[in-house]
Protein chains: 2
Amino acid sequence: MPRSKNSSSAKNGPVTLAMVAARAGVSPQTVSNAINSPGMLRPETLERVSRVIEEMGYRPSRAAQTLRTRSSKLIGYGILPTLSSNPVLDRFLHALSQAADEAGYRILLFACPPGGPTLQGYEELLDQHKVDGFVLSGTARNDPRQAWLAKRGVPFVAFGRIWSGRQIGDWVDVDGASGTDAAVEHLVALGHRKIAFLGWERGSGSGDDRAEGWQRAMRRHGLPTRGRRAQTVGDIDAARTAVKPLLDAGATAVIAASDMLALGCYQSLRERGAAPGRDVAVVGFDDSPTAENLFPALTSVAQPLEEVGRECVRLLLARIATPDAPPERLLLEPSLVVRDSSGAAGDGTADSTESAE
Amino acid sequence: MPRSKNSSSAKNGPVTLAMVAARAGVSPQTVSNAINSPGMLRPETLERVSRVIEEMGYRPSRAAQTLRTRSSKLIGYGILPTLSSNPVLDRFLHALSQAADEAGYRILLFACPPGGPTLQGYEELLDQHKVDGFVLSGTARNDPRQAWLAKRGVPFVAFGRIWSGRQIGDWVDVDGASGTDAAVEHLVALGHRKIAFLGWERGSGSGDDRAEGWQRAMRRHGLPTRGRRAQTVGDIDAARTAVKPLLDAGATAVIAASDMLALGCYQSLRERGAAPGRDVAVVGFDDSPTAENLFPALTSVAQPLEEVGRECVRLLLARIATPDAPPERLLLEPSLVVRDSSGAAGDGTADSTESAE
DNA sequence: GTGCTTGGTTTTAGCGTTCCAAAAGCGTTT
DNA sequence: AAACGCTTTTGGAACGCTAAAACCAAGCAC
């Protein structure tokens, strides 16, 4: 027997604590307690109040709560301009939002100016919206954000390590080295020995990390790395050129620091009439949406973005709860998604020896 | 001579209206007026108050403003789970956030459950956070959201038309038909006559729209469409199969309803030893990040997402300002991004007649 | 009986804004 | 001088909530 429409109906404005209190025959504070510390009420009273809350579809006003408690249950996230939009971060944002929601928090976006994030954006969200904390992403070398936030005691978590200088605050990151290491293992198991690495110019934190994993795995297998590594800037044409010497040197497999670079490798191979996956194995990094749609589908190292999102929220909430706890840092394992480009497609046998030449 | 650190310093908590008032020697109300209706103050007073505001780095508390004015300057946006993450919508979100920020609004995310958006999420944002309006995306046939929001008088704008039944509320959309029409024009100019269309199964609003543009352009040029159209579900393998009859029928160009479908077409061509762009021209839709990285780079119809974002914000704010104004609907023009896959690469001459066979 | 808990509830007092009505300031007019 | 407009400024009150303190039975000891 539902008496009133549950949930705030269109016109008469939203239900308030006081209305619930009046209807339940208790004081407003008791209703507040019913929600925030139910254990404080006599079971019988709790029952009654809860029923009225349910019945009237009452939902506390966050504005009033924020004003009183100075906590907004909001997490700030700076989103880059459309141009610098990045599939990995986009997927991360979805995961983040979901994880936050499950914890009763919400993500409040603010737009980073094209030149990269500025501190002003953070300051505004902090002062105006009283966000409880921030999630940082796309952290660069000498990023000022961590130090700035730490100095004012604002809780934050970064997706991405700090590569230079001393560590500040909590972060969650993906172990790139472990990813490329696994890629080497995969290729070695398929019989490859001449495994090259196509990476970014030295100095990019995650780029060097990914190179490092390749190198250590090669060393472990007693395979030479000299002359098997090339550096390039991010774009695809540069990659196509940069990979040439590696192919000339007879590499039978190339591990790239990104799917983009792997694509440059595809193109370089095609230029010389070779087929990626059949003649030379190619492995990418990030498992971007493109990867599975390429021909041949690109084997790639996938970052566990759902997990990164969940952990970011977990760490941030922990930091909010206990601001002085020692920092926590998490290095998550990526996973290798094997597709045709690493040549494992046929029926398990290694190398090539498969189709016509 | 800056006396105090401007902007809220770490410890002493944020600056309030009252503090500013005290320092400027006026009442709090006057400070409020200085911000909200500056014309009301004597120029001299305004000057003084403004200086103190600046000096102390005062920023109004949105929570208090929201409580008082019942308007949060927040726009709600339901974000899909990681799995259904979609590059077009992701880029749209970046644009949206930027446009909102510029108008003094912020985007508040809430996570849609995996099964698609539910009304509960909207209701919560409305009751709890007092969002001023919503931006909808990924609207489906018989989407209940528009009707629901309209019924309770909540301002909203949809990115995407309503394809079935009567129109409700404001929307911004991209004219898909115009995009495929332009694609036909482009191909005809290159000398193509047998231009096929690879689309989704009938019933998808935007799919039918894109088909329609192809059809009308073909008709305009007196070219037959019978036997030149195929339908398929979204995935790439299905597309590869579905396009076969079109190629068998001698199509020299294929326009696909999405980049994904275009990829299926690439694969189908390769299977028969033909090269996309050289032997058969291919045009995709959406200009996804993948498109420019493919080999050959895919000619594709790009949606003006920046503009869509801007217009969504503009329409939404207009709706908030005048709830009873007649609905506004905007159909924006996409643009054809010409790349190698349409075979215009060489030096302008049409058809093929270019490289070895 | 007085005092002393103890658990459950209410009262009071804001949190930082803005709305509203009322009060000053002040130049003109009666 | 008082009365009248006009502009500018101010003093509550209220928005919806919760922290903190006060209250109020019972119960229980002495």
Side-chain angles (χ1 to χ4, degrees), chain A residues 8 12-50 52-53 56-74 104 124 126-132, chain B residues 8 12-50 52-53 56-74 104 124 126-132:
Chain A
S8 71
N12 22 329
V15 183
T16 75
L17 200 65
M19 297 181 196
V20 175
R23 184 99 103 88
V26 293
S27 77
Q29 181 63 33
T30 300
V31 179
S32 171
N33 288 337
I35 294 171
N36 301 312
S37 16
M40 192 181 272
L41 274 63
R42 206 169 23 159
E44 170 192 321
T45 320
L46 179 56
E47 224 295 299
R48 182 158 41 104
V49 174
S50 305
V52 177
I53 289 179
M56 302 181 77
Y58 169 67
R59 284 201 186 82
S61 147
R62 283 251 32 106
Q65 291 181 314
T66 302
L67 187 55
R68 185 70 249 236
T69 64
R70 22 232 26 233
S71 154
S72 60
K73 302 274 188 184
L74 249 33
E124 276 183 25
L126 208 51
D127 284 355
Q128 303 197 299
H129 287 276
K130 303 270 179 301
V131 294
D132 292 346
Chain B
S8 73
N12 19 330
V15 184
T16 75
L17 201 66
M19 297 182 196
V20 175
R23 185 98 105 85
V26 294
S27 78
Q29 181 60 46
T30 301
V31 180
S32 173
N33 288 337
I35 295 173
N36 301 313
S37 14
M40 191 181 274
L41 273 63
R42 212 174 21 178
E44 170 192 318
T45 322
L46 180 57
E47 215 323 79
R48 182 157 41 102
V49 173
S50 305
V52 177
I53 288 179
M56 302 180 76
Y58 167 68
R59 284 203 186 81
S61 148
R62 283 249 37 102
Q65 290 183 314
T66 302
L67 185 56
R68 188 67 254 231
T69 65
R70 18 225 36 222
S71 152
S72 60
K73 302 271 185 185
L74 249 32
E124 276 183 25
L126 207 52
D127 285 355
Q128 303 198 298
H129 289 274
K130 304 271 180 301
V131 295
D132 292 346

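Every chain is numbered from 1 and lettered A, B, ... according to where its sequence line falls, protein lines coming before strand lines. Values below: every heavy atom of this structure, side chains too, minus hydrogens, waters and symmetry copies.
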Exercise for review: Could you pick out which residue, Leu67(B) or Gly39(B), lies toward the 5' side of DNA chain D when each is mapped onto its nearest nucleotide?
Suggested key: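 Whichever sits nearer the 5' end wins; that is Gly39(B).
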Point to revise | DNA chain D: 5'-proximal contact among Pro60(A) and Pro28(B) (nearest heavy atom) | key: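 Comparing both residues, the 5'-ward one is Pro28(B).
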Just checking [X]: base, sugar-phosphate only, or nothing, at a heavy-atom cut-off of under 4.0 Å?
X	answer
Thr66(B)	nothing
Ser61(A)	sugar-phosphate
Gln65(B)	sugar-phosphate
Ser27(A)	base

Point to revise | Validation row: Met19(B), Thr16(B) side chains within 4.5 angstrom (heavy atoms) | key: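 In short, these two side chains touch, coming nearer than 4.5 Å.
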Check your understanding: Got Asp132(B) and Leu74(B) here, is their nearest side-chain heavy-atom distance under 4.5 Å?
Key ->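 They are not in side-chain contact.
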Any [X] side-chain N or O less than 4.0 Å from OP1/OP2 of [N]:
X	N	value
Asn36(B)	dT18(C)	yes
Arg68(B)	dC19(C)	no
Arg62(B)	dT17(C)	no

Check your understanding: Side chain of Ser32(B): nearest nucleotide among dT9(C), dG16(C), dT18(C)?
Key ->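 The answer is dT18(C).
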Exercise for review: Identify the 5'-most and 3'-most nucleotides of DNA chain D with at least one atom closer than 4.0 Å to a non-hydrogen atom of chain B.
Suggested key: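 Answer, 5' to 3': dT8(D) to dG16(D).
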**Study point:** Qualifying residues under side-chain hydrogen bond (donor to acceptor under 3.5 Å, both in side chains), relative to Gln65(A), sequence neighbours excluded
**Key:**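 Gln65(A) satisfies side-chain hydrogen bond (donor to acceptor under 3.5 Å, both in side chains) with Arg62(A) once adjacent residues are dropped.
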